[in-house]
Number of protein chains: 2
Amino acid sequence: MSAHERPLRADARRNRELVLDAAGELFAQRGDAVQMDEIAERAGLGVGTLYRHFADKQALLAAIIGRRFEAMTALARAADETEDPWTAFETLLHGYLEAAQADAAFRFALLGPEEPRWSDIAAEKTDFAEITERVVRRAADAGRLRADFCAQDFTLITRGAMANMTGTGDWRRYVALLLDGIRERPGT
Amino acid sequence: MSAHERPLRADARRNRELVLDAAGELFAQRGDAVQMDEIAERAGLGVGTLYRHFADKQALLAAIIGRRFEAMTALARAADETEDPWTAFETLLHGYLEAAQADAAFRFALLGPEEPRWSDIAAEKTDFAEITERVVRRAADAGRLRADFCAQDFTLITRGAMANMTGTGDWRRYVALLLDGIRERPGT
DNA sequence: TAGGAACCGGAGTTCAGGTTCATCTTATGG
DNA sequence: CCATAAGATGAACCTGAACTCCGGTTCCTA
């Protein structure tokens, strides 16, 4: 826990990366149903090595999800730099969902019963929430989103979409339906 | 498997019901995370008795979910008897979601990775799909739903809503947003 | 380049939870 | 009221998957 630990030995650093990569790929494919032995094998290491780097399966999973949240934050930041508020919003939403589709572990984590744990971790380590809030606000202020739309609603939408990524349903259609409900309409 | 089995002994029939009730309540509260021993205790029986009536945990869970689907079918049938097509649709949607909120096992089953198993079982044993299809069609034909709305979309909506029932999000707001996207609008 | 700390491997341990089965109990038909 | 088959019981068993542990290996520094 001391702040100044000597840097990892070269092989340890390399192996840590191998573990992260293997776990990332397997978790993304099949959620937390993958076994530690499988991850070790895919990484070309022994299980013991996994446990040298991560206290337990949860910790490894948390590291992977943390990574994904960092990527999501980069995404949000990029979207926020887009000129047009509506484009920014759409870019963020689609980028987020596209990434979520490719990562089962992320989806299961956010949909599972022990949320809000993950969101809290994300909030501690990244600015995802703040940036998203800004993007949403910009779109609402510009009159492109219904006036009462808020960041919470972004979560509602993404959760709903992710729930439709398992199975046969067409989540893009679902998002399209939703967008029709949240876009500001001149006619009303 | 023969069609003519002698009726269950009185105590057996009673116990079967006790098991179903206990399992129904516990599964509804906590999904399939409950243990067989817990169910047995709640029912005031030994585990062995559960296994006399149901081959394994899956079978018991299937029985419970089957029950729920029967209730859902009754709901749909009632809604279909409503005069106004839009009221019928709304009644079905809300009834379904209200019931889903009270039953975690049902939600997890329909959201989990091994869907479409459950829907198939439901289709074999009930008319839920057909009736829902009719209700949806009526609302669409009456011009109260956007013309391209189909029964599949009903599934998309319910899955999305159910995904927002775990955690802190407000799924009713979510449904409201969606309805705005789905309703036929004179203005367009 | 030698000493030793850090690291690795993977067979073996542990444990939780589903499932069984030998034994006891009870409903039911005669 | 008995005989007996159906039913109930729960301690013991089994399985699978997370985790440990220590002998062997590798990197690093002086």
Side-chain angles (χ1 to χ4, degrees), chain A residues 1-2 4-24 26-27 29-65 104-105 108-109 112-114, chain B residues 1-24 26-27 29-65 104-105 108-109 112-114 117:
Chain A
M1 290 295 147
S2 69
H4 56 92
E5 281 147 9
R6 71 182 47 184
L8 286 176
R9 233 169 67 174
D11 55 344
R13 190 164 48 255
R14 179 164 14 92
N15 286 340
R16 183 172 221 281
E17 222 46 46
L18 287 174
V19 171
L20 245 14
D21 289 348
L26 289 176
F27 280 146
Q29 281 171 14
R30 319 205 320 261
D32 65 0
V34 292
Q35 295 163 216
M36 294 300 267
D37 288 9
E38 271 185 285
I39 297 174
E41 189 180 22
R42 153 85 69 130
L45 302 167
V47 243
T49 306
L50 304 210
Y51 286 95
R52 163 165 300 275
H53 291 286
F54 301 94
D56 54 22
K57 196 181 184 184
Q58 275 305 305
L60 177 52
L61 187 58
I64 296 297
I65 305 243
F108 293 158
E114 9 73 32
Chain B
M1 289 294 144
S2 70
H4 57 91
E5 282 147 9
R6 72 180 47 183
L8 286 176
R9 232 169 65 175
D11 56 343
R13 191 163 50 255
R14 179 162 16 94
N15 286 341
R16 184 171 219 282
E17 222 46 46
L18 287 174
V19 171
L20 244 14
D21 288 348
L26 289 175
F27 280 146
Q29 282 172 12
R30 317 201 325 255
D32 64 0
V34 292
Q35 295 163 218
M36 294 301 267
D37 287 7
E38 270 184 288
I39 297 173
E41 188 179 24
R42 152 86 70 134
L45 302 167
V47 242
T49 306
L50 304 210
Y51 285 94
R52 165 167 296 274
H53 291 285
F54 301 94
D56 53 23
K57 196 182 182 181
Q58 274 305 304
L60 178 51
L61 187 58
I64 296 297
I65 306 243
F108 293 158
E114 9 73 34
R117 187 166 166 279

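Quick note on labels: first sequence line is chain A, next is B, and so on, each numbered from 1. When reading the values below, keep in mind they use all heavy atoms of this one structure, side chains included, and skip hydrogens, waters and symmetry mates.
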State which of [options] makes the closest approach to the side chain of [X].
X: B:Q35; options: D:dT9, C:dG18, D:dC19; value: C:dG18
X: B:D56; options: D:dT26, C:dG9, C:dT19; value: C:dT19
X: A:A10; options: C:dT19, C:dA11, D:dC27; value: D:dC27

Go through the N and O atoms of the side chain of A:R9 and the base of D:dT26, and report whether any donor-acceptor pair is under 3.5 Å.
yes
Can you check the [X] [atom1] to [N] [atom2] distance for me, whole Å?
X: B:R16; N: D:dG7; atom1: CZ; atom2: P; answer: 12 Å
X: B:L45; N: D:dA8; atom1: CG; atom2: C1'; answer: 8 Å
X: B:I39; N: C:dG18; atom1: CD1; atom2: P; answer: 8 Å
X: B:K57; N: D:dG16; atom1: NZ; atom2: P; answer: 16 Å

Does A:E17 CD have over 12 foreign heavy atoms under 6.0 Å away?
yes
Can you confirm whether more than 12 heavy atoms, excluding those of A:Q29, are under 6.0 Å from its CD atom?
yes
Between [X] and [N], is there a side-chain N or O to OP1/OP2 distance below 4.0 Å?
X: A:N15; N: C:dC7; answer: no
X: A:H53; N: C:dC8; answer: yes
X: B:R52; N: D:dG7; answer: yes

DNA chain D nearest-nucleotide lookup for B:V47 and B:L8: closer to the 5′ end is B:L8
Is any side-chain heavy atom of B:N15 closer than 4.5 Å to a side-chain heavy atom of B:R52?
no
Validation row: A:R16, A:V19 side chains within 4.5 angstrom (heavy atoms):
no
Do B:R42 side-chain atoms and B:A22 backbone N/O form a donor-acceptor pair below 3.5 Å?
no
Within the structure shown, what part of the strands sits under 4.0 Å from A:L50 by heavy-atom distance: base, sugar-phosphate, or nothing?
nothing
Heavy-atom nearest nucleotide on DNA chain C taken for B:A33 and for B:R13; more 5' hit belongs to B:A33
